[in-house]
Number of protein chains: 2
Amino acid sequence: MAAARSVRRAAPAARKPTYHHGDLRRALTQAAIALIAESGPEAFTLREAARKVGVDHAAAYRHFADKRALLVAVAEDGFVTLADRMQRALAGVAPDLPEARLQRLSGAYVRFALAHPSQFQVMLGPRLNEDGRFPSLEAAIAQPFGLVRDEMARAVATGAFAPADPRELAVGLWTLAHGYATLVLSRRIVTRSQKKALDYFAAQAARMLAGLR
Amino acid sequence: MAAARSVRRAAPAARKPTYHHGDLRRALTQAAIALIAESGPEAFTLREAARKVGVDHAAAYRHFADKRALLVAVAEDGFVTLADRMQRALAGVAPDLPEARLQRLSGAYVRFALAHPSQFQVMLGPRLNEDGRFPSLEAAIAQPFGLVRDEMARAVATGAFAPADPRELAVGLWTLAHGYATLVLSRRIVTRSQKKALDYFAAQAARMLAGLR
DNA sequence: ACCTGAACACCGTTCAAGT
DNA sequence: ACCTGAACACCGTTCAAGT
């Protein structure tokens with residue numbers, strides 16, 4: 001809170017009364033991501049994001065219907081990053097090693113959650129889209145999930161895994177990764193280090209994947 | 001919000017100026033549980049709980065250090081109920097059928113989450129105890145987890161499952177149940193009915209447990 | 001010991017008014 | 001079209017004062 005105030009005072013002369021922003025929507029989203037990373041989603045305030053950008057808080061309503069719409073923008077940004085991380089995690093792992101690839105995908109999921117705990121909470125924590133506004137959110141989450149499903153489909157098709165619905169198998173692995181991430185973040189599972197937490201998850205995932213052969 | 005106001009007006013004459021409560025702490029906790037069940041944890045307000053009980057909102061601070069302390073009381077109540085449900089789920093299942101018993105335990109966990117989504121969110125959603133206040137919360141969660149761990153230990157001891165650390169196995173099943181519950185509650189996993197959701201989880205749990213033999 | 005009443009510093013949201 | 005300024009109805013928290 002004191003930190004928030006100092007941000008306000010940080011650039012007293014630099015902030016000329018140039019009340020125009022090229023892309024205020026984007027600026028507010030980035031400010032929200034930064035503030036949430038600092039203090040968590042609970043403490044996040046629309047007014048503080050506006051302050052950080054140097055704009056009247058009412059100006060935000062020209063770009064977002066309400067506070068939740070701004071949080072949705074934060075979540076969508078997170079899903080793009082997550083999909084990117086998962087995709088990159090596959091680099092250099094041969095296509096005919098489905099278990100290794102699924103290990104990488106689910107590991108990247110957990111790693112993202114631990115690296116960006118606050119943003120992850122916004123993405124998958126509260127029921128952001130419970131009323132069905134924001135269909136773009138559903139689209140954003142479909143991409144990382146699709147990576148897992150495709151891999152499962154290949155594993156079943158090549159006979160590496162026993163015959164089963166790939167979608168169902170993907171949900172199972174996703175569920176394990178998601179449950180693990182949330183339990184670590186809420187300190188229900190405590191490990192000595194972040195690396196230990198990832199190793200521990202890898203063992204759990206290995207056990208599950210071995211059961212699918 | 002309109003509903004909240006009508007509650008206030010519901011008993012205008014019945015509420016005599018008898019400003020004394022036998023157990024205001026308990027009354028506030030119960031009011032909080034009811035309000036959270038109605039409108040979700042995000043919308044919950046300390047002031048509204050006080051209103052519902054018919055007391056000045058400042059009176060709450062005589063019994064709870066702050067709003068979070070009240071939410072902790074809500075969570076603890078939930079863990080007691082959860083442990084009870086899990087225990088009851090074991091009734092009539094022979095001790096020498098560990099997979100069936102673990103199915104019951106994890107199924108009861110998911111069933112509780114779906115039956116009491118808002119309270120479940122308070123119990124395991126935000127980082128209620130991230131600063132280590134409220135050690136009683138840790139104690140409350142240890143009991144339901146212990147049920148799963150004990151069952152895993154017996155399964156390994158009797159040779160039903162392959163040799164492994166029972167605690168690690170318990171974490172795995174808990175993780176699956178927890179991930180599934182949260183993904184259903186946040187509508188990432190959508191099923192036609194509540195029963196379908198439970199059946200679907202049972203299949204996932206069966207797959208995992210089969211892998212432990 | 002327990003509760004009230006008033007106050008403080010904040011919110012999210014709305015809306016007329018400015019440029 | 002985009003933003004400001006002021007206002008509204010709310011919070012969580014504190015504290016003197018009442019009984």
Side-chain angles (χ1 to χ4, degrees), chain A residues 1-9 15-29 31-32 35-36 38-74 122 126 128 131 133, chain B residues 1-9 15-29 31-32 35-36 38-74 122 126 128 131 133:
Chain A
M1 325 200 145
R5 295 227 164 274
S6 67
V7 166
R8 180 105 184 87
R9 275 173 299 174
R15 267 277 150 266
K16 285 175 292 181
T18 167
Y19 299 118
H20 300 83
H21 264 277
D23 191 349
L24 183 53
R25 188 191 153 87
R26 184 167 193 76
L28 284 170
T29 306
L35 288 171
I36 287 172
E38 278 173 39
S39 320
E42 320 267 68
F44 172 68
T45 259
L46 194 151
R47 288 171 104 113
E48 197 173 350
R51 257 179 252 133
K52 180 159 187 153
V53 171
V55 93
D56 189 285
H57 59 269
Y61 287 86
R62 190 66 38 180
H63 301 274
F64 298 99
D66 52 19
K67 187 186 179 184
R68 249 171 79 199
L70 174 50
L71 288 175
V72 165
V74 171
V122 174
L128 253 195
D131 46 8
R133 294 163 62 191
Chain B
M1 324 197 146
R5 295 228 163 274
S6 69
V7 165
R8 180 102 184 89
R9 277 172 300 176
R15 266 278 150 266
K16 285 176 292 182
T18 167
Y19 300 118
H20 301 84
H21 264 277
D23 191 349
L24 183 52
R25 187 192 154 88
R26 183 165 194 78
L28 284 170
T29 305
L35 288 171
I36 286 171
E38 279 173 40
S39 320
E42 320 267 68
F44 172 68
T45 259
L46 194 151
R47 288 170 104 113
E48 196 172 351
R51 257 179 253 134
K52 180 157 186 153
V53 171
V55 94
D56 189 286
H57 59 269
Y61 287 86
R62 190 66 38 181
H63 301 274
F64 298 99
D66 52 20
K67 187 186 180 184
R68 251 172 77 199
L70 175 50
L71 288 174
V72 165
V74 171
V122 174
L128 253 194
D131 46 8
R133 295 162 60 191

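The model shown is predicted, which means the values in this text are computed figures rather than measured ones. In what follows, chains carry the letters A, B, and so on, assigned in the order in which the sequence lines appear, proteins first and then strands, with residues in each chain numbered from 1. Just the heavy atoms: all of them, side chains too, but no hydrogens, waters or symmetry mates, feed the values below.
Across D:dT13, C:dT13, C:dT4, the shortest atom-to-atom separation from the side chain of B:Val55 is found for C:dT4. Of all nucleotides listed (D:dT13, D:dT4, C:dG12), C:dG12 comes nearest to the side chain of A:Tyr61. Comparing D:dG5, D:dC3, C:dC3 against the side chain of A:His63 picks out D:dC3 as the nearest. Nearest to the side chain of B:Asp66, among C:dC2, D:dT13, C:dT14, sits D:dT13.
Nucleic acid contact class of B:His57 (heavy atoms, under 4.0 Å, all strands): base.
Remark: C1' of D:dC11 and NZ of A:Lys67 are 12 Å apart, rounded to the nearest angstrom. Rounded to whole Å, the distance from CZ on A:Phe44 to P on C:dC10 is 17 Å. If you take CG of B:Leu35 and P of D:dC11, they are 11 Å apart, rounded to a whole angstrom. Between the CZ atom of B:Arg68 and the C1' atom of D:dT13 there is a distance of 15 Å, rounded to whole Å. As a whole-Å value, the separation of B:Leu70 CG from D:dT13 P is 10 Å. Whole-Å rounding puts the A:Glu42 CD to D:dG12 P distance at 13 Å. Whole-Å rounding puts the A:Asp56 CG to C:dC15 P distance at 16 Å. A:Arg26 places its CZ atom 20 Å from the C1' atom of D:dC2, with the value rounded to the nearest Å.
For the pair A:Arg47 and C:dA9, the criterion of a side-chain N or O lying under 4.0 Å from OP1 or OP2 is not met. For the OP1/OP2 pair of D:dC10 and a distance below 4.0 Å, the side-chain nitrogens and oxygens of B:Thr45 include no atom meeting the criterion. A sub-4.0 Å separation between OP1 or OP2 of C:dT14 and a side-chain N or O of A:Arg62 is absent.
D:dC15 is paired with C:dG5 under the criterion used here, namely a Watson-Crick or G-U wobble arrangement in which both key atom distances are under 3.5 Å.
Side-chain contact between A:Lys52 and A:Leu35 is present, with heavy atoms from C-beta onward closer than 4.5 Å. Residues A:Leu46 and A:Phe64 form no side-chain contact, since every pair of their non-hydrogen atoms from C-beta on lies 4.5 Å or further apart.
For the residue pair A:Ala50 and A:His57, the shortest heavy atom distance occurs at CB-CA, 3.5 Å. What you find for B:Val122 and B:Pro41 is that their closest heavy atoms are CG2-CB, 3.8 Å.
Residues B:Glu42 and A:Arg68 are not paired through a salt bridge, judged by the lack of any N-O separation under 4.0 Å between the basic side chain and the carboxylate.
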